[in-house]
Amino acid sequence: MLRVFREPDGTWSSDRYGMGVTPRWRDGPKRADSIEEFEDEVADRLAILLLVDPGVSLDNVGRRINNDIFWLFYEVEAEAD
């Protein structure tokens, strides 16, 4: 999971550290002027979540907590037997 939030000045921040953050999301930008500055996967998920109401979760995308806080879900693909 990755927590991303919109600051009062309209910029974006991401919480890249902490338990539950997939290693592939740890090295991206921590601050951005727009979501397009984040890596494509993060920007795409944020763009989708901006279209839903607060409190809505979308499988394999994330959850919009409120107007300014978003949780992006990292789905681990099941291994083939």
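Position 1 is the first residue of the sequence, and the numbers go up from there.
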Derivation of the side-chain contact (heavy atoms from CB on, under 4.5 Å) call for V21 and D15: CA-CA 9 Å; V21 177; D15 185 5; 6.0 Å; no

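- Counting heavy atoms from C-beta outward, I65 and P54 have side chains that stay 4.5 Å or more apart.
- In the hydrophobic clustering of ILVMFWY residues, with side-chain heavy atoms under 4.5 Å counting as a link, I35 and V56 come out together.
- For T11, the side-chain contact (heavy atoms from CB on, under 4.5 Å) partners are E7, D9, R31, D33, not counting sequence neighbours.
- Linking Ile, Leu, Val, Met, Phe, Trp and Tyr residues whenever their side-chain heavy atoms come within less than 4.5 Å leaves F73 and L2 in two separate clusters.
- Within the 4.5 Å cutoff, the side chain of W12 has no heavy atoms near those of the E37 side chain.
- Taken from CG in D44 to CG in L49, the straight-line distance is 11.0 Å, to the nearest 0.5 Å.
- The two residues L51 and R64 make their nearest non-hydrogen contact at N-NH1, 4.5 Å.
- With hydrophobic clusters built from ILVMFWY side chains whose heavy atoms lie under 4.5 angstrom apart, L50 does not share a cluster with W71.
- Between Y74 and R45, the shortest heavy-atom distance links the atoms N-NH1, 4.5 Å.
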L46/F70 under side-chain contact (heavy atoms from CB on, under 4.5 Å): CA gap, chis, key distance, verdict: CA-CA 7 Å; L46 282 172; F70 304 82; 3.8 Å; yes

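- The distance from atom CZ of R3 to atom OG of S13, rounded to the nearest 0.5 Å, is 9.0 Å.
- Note on residues 48-59: pairs passing side chain to side chain donor-acceptor pair (under 3.5 Å), not counting sequence neighbours, are S57-R63.
- Neither I69 nor V61 shares a network with the other; the hydrophobic side chains, linked directly or stepwise wherever heavy atoms of I, L, V, M, F, W or Y lie under 4.5 Å apart, form separate groups for each.
- Crowding of N66 atom CG: a count of heavy atoms from other residues, nucleotides or ligands under 6.0 Å exceeding 12.
- F38 is linked by a ring pair (Phe, Tyr, Trp, His ring centres under 6.0 Å) to nothing, counting only residues two or more places apart in sequence or in another chain.
- Salt bridge status for R16 with E39: present, with a side-chain N to carboxylate O gap under 4.0 Å.
- No donor-acceptor pair under 3.5 Å is formed between the side chain of S14 and the backbone N or O of F5.
- Considering only heavy atoms from C-beta on, V4 comes within 4.5 Å of L72 through its side chain.
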